Amino acid sequence: MKRLFSLLLACMILFLTACNGTPPNNSQSQDSELKDTIIMDKFNWFIETPSRILFSKSVVFGYTYYYSKVDGKAYLYCFDPVCDHSGGKCLANPWDKGETIPEFPFHCTYFINNRFYTATVYGQIYSFAFDGSDLKIEYGPTSFTQEELNTQQFNWSPQFGVYDKYIYILMNADENGNPRTLRFNTETKEMEDLTEKAGNAIFVYFFYNEEIYGLNAKLRTWIKADLELKKMEPIEALPISMHFFGSVFYNTAYDDPTDYKNIKTIGIQAHDMKTGKTVIFSKEMLGVSTGYNYSVMAVDKNYIYFTQNTETSTLVGTITGSNGTVRKVYTWDTGKLYRMKHDGTECTLIYDNPNFEFPSEALISGDKIILEGNEFSFKDGNVVYNECMKVGTIGPDGKIEKFENIELVY
């Protein structure tokens, strides 16, 4: 009965999505303004669409789910009621390898021109429709032997770059042991060897103002280049992060970022690609304790969300093993979540649970915050871990009113 309900709900969601023309937040739209906006689609933990939020995390054993904005539950990303999700044929089970699709790396999946595209380290690109159907091998082998899986697993770097209709790929080494940059056109299905044409190769980090920023694939020094790699020039290292909005990167600020042995956090920094300036929001400015570290977890159009960590580990309790051995459990997380405006003002504590550990990534969608959390509880004097996907409702005052486990429907 659950499965039938899930299938009917999926059909309803697809209908709702067809009526909503808003592109997902990590899609590359031909009509969108790409200038003065940081474009970085790397290691996604979430992919948001108008009606769903896709995620694949360790807490759900590597399965791919989608969170329904309609009913607030999460379902396996499969719409075949008789599928057993095995043999590499089902995108809900990305780690079950098959002869055709050796892996489904969710973090290397992108939404381009209304289709999902996945690139793999095995030198393969495939695409599928919004509902996981119509799987097509766009580039690379159509099947793999076990020997090929072993020898080809490092063909391409897993750090792909996506800009407009293109997927930029770093081939780790050609027949002469040299790196090469390839570019796949998702419209024409053509693969270009940019290194052969321009003589350059780049390890792509992000795109900004129609230029590529990254590392020289040979020298590993910072560079920027045009989209064809015809011109590359060295630049100073940039304080980038996985958290950004518009032209600004947000990250933890350090007293001396180059002093790895005596690292000291001083607050949160904002680096604007448009102006080239970096602004520091110090701990004193934020009005929070100076004895803690701060890590940005998410950014939306209005706010920066960050967590508070202790500078030294704190004892949570102990776990007694089956053989009677006792192991101490420590945490660096205070269980505090803050948010502030992009200019560093209105810093507010919006959640406080000393028995909760926050991840490094979260998704803000409307008044919802979704993340994978780790909550401690205690039973018979022992620490018990509760790893789960959480959804919180952000109230009018900015504080999380409800923070609940997402119900997983298999």
Side-chain angles (χ1 to χ4, degrees), residues 26 41-45 47 54-58 60-66 76-80 82-113 115-162 165-196 201 203-204 217:
N26 75 324
D41 284 325
K42 292 186 180 302
F43 295 99
N44 302 307
W45 294 124
I47 300 177
L54 279 68
F55 63 88
S56 180
K57 299 287 279 180
S58 60
V60 286
F61 307 106
Y63 278 81
T64 303
Y65 286 79
Y66 68 90
L76 275 175
Y77 189 67
C78 178
F79 303 90
D80 182 351
V82 298
C83 182
D84 62 1
H85 319 305
S86 65
K89 64 179 181 291
C90 175
L91 302 177
N93 191 356
W95 302 109
D96 192 354
K97 295 184 177 181
E99 293 183 356
T100 301
I101 305 296
E103 68 171 355
F104 171 52
F106 181 82
H107 59 274
C108 297
T109 298
Y110 315 98
F111 199 80
I112 307 171
N113 293 332
R115 282 184 72 84
F116 288 104
Y117 285 81
T118 300
T120 79
V121 296
Y122 295 92
Q124 186 185 58
I125 298 174
Y126 50 89
S127 71
F128 50 97
F130 184 80
D131 63 351
S133 66
D134 192 29
L135 182 67
K136 295 180 181 179
I137 307 298
E138 302 282 4
Y139 182 85
T142 56
S143 64
F144 294 85
T145 65
Q146 186 58 51
E147 181 181 358
E148 288 171 334
L149 289 176
N150 294 334
T151 59
Q152 298 183 29
Q153 60 181 314
F154 302 111
N155 277 7
W156 291 352
S157 165
Q159 190 162 337
F160 303 97
V162 177
K165 61 187 175 182
Y166 297 106
I167 301 175
Y168 285 76
I169 303 155
L170 179 66
M171 179 187 291
N172 285 321
D174 58 17
E175 61 275 10
N176 297 317
N178 297 314
R180 306 182 77 86
T181 298
L182 311 178
R183 186 173 69 176
F184 181 73
N185 187 322
T186 58
E187 291 183 355
T188 65
K189 315 303 180 185
E190 296 177 338
M191 182 70 79
E192 300 175 83
D193 188 333
L194 297 182
T195 301
E196 182 178 6
F203 188 82
V204 177

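Just so you know, residue 1 is the first one in the sequence shown, and it goes up from there. All values derive from a computational prediction rather than experimental measurement.
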*Take Ile47 and Phe106, measure what side chain to side chain contact (heavy atoms under 4.5 Å, CB included) needs, and give me the verdict at the end.*
CA-CA 9 Å; Ile47 300 177; Phe106 181 82; 3.7 Å; yes

Could you check whether any side-chain heavy atom of [X] comes within less than 4.5 Å of a side-chain heavy atom of [Y], counting everything from C-beta outward?
| X | Y | result |
| --- | --- | --- |
| Lys136 | Tyr126 | no |
| Ile112 | Ile167 | yes |
| Asn155 | Tyr122 | no |
| Asn178 | Met171 | no |
| Tyr77 | Leu54 | yes |
| Trp156 | Gln124 | no |
| Tyr63 | Leu76 | yes |
| Leu170 | Arg180 | no |

*Can you name the closest pair of heavy atoms from Ala92 and Cys78 and give their distance?*
CB-CB, 4.0 Å

Under the 3.5 angstrom rule, does the side chain of [X] hit a backbone N or O of [Y] as a donor-acceptor pair?
| X | Y | answer |
| --- | --- | --- |
| Glu196 | Asp193 | no |
| Thr151 | Glu147 | yes |
| Thr181 | Thr195 | no |
| Gln152 | Leu149 | no |

Output the distance between atom [atom1] ([X]) and atom [atom2] ([Y]), rounded to the nearest 0.5 Å.
| X | Y | atom1 | atom2 | result |
| --- | --- | --- | --- | --- |
| Tyr168 | Gln159 | OH | CD | 15.0 Å |
| Thr109 | Phe160 | OG1 | CZ | 10.0 Å |
| Ser127 | Leu135 | OG | CG | 7.0 Å |

*Checking side chain to side chain contact (heavy atoms under 4.5 Å, CB included) for the pair Glu192/Tyr166: CA distance, chi angles, key distance, verdict?*
CA-CA 10 Å; Glu192 300 175 83; Tyr166 297 106; 4.1 Å; yes

_So that I know where these two stand, are Tyr117 and Tyr110 an aromatic pair - ring centroids less than 6.0 Å apart?_
no

*Start with the C-alpha distance between Arg115 and Asp134, add both sets of side-chain angles, then the distance that settles salt bridge (Lys or Arg N to Asp or Glu O under 4.0 Å), and finish with yes or no.*
CA-CA 10 Å; Arg115 282 184 72 84; Asp134 192 29; 2.9 Å; yes

*For the pair Phe55 and Tyr65, name the ring-plane relationship: parallel under 30°, tilted 30 to 60°, perpendicular over 60°.*
parallel

_Pairing residues for Glu138 by the salt bridge (Lys or Arg N to Asp or Glu O under 4.0 Å) criterion, not counting sequence neighbours_ =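 In terms of salt bridge (Lys or Arg N to Asp or Glu O under 4.0 Å), with neighbours along the sequence ignored, Glu138 is linked to Lys189.
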
*Just do the side chain to side chain contact (heavy atoms under 4.5 Å, CB included) check on Phe203 and Ser157 with the steps written out, would you?*
CA-CA 9 Å; Phe203 188 82; Ser157 165; 3.6 Å; yes

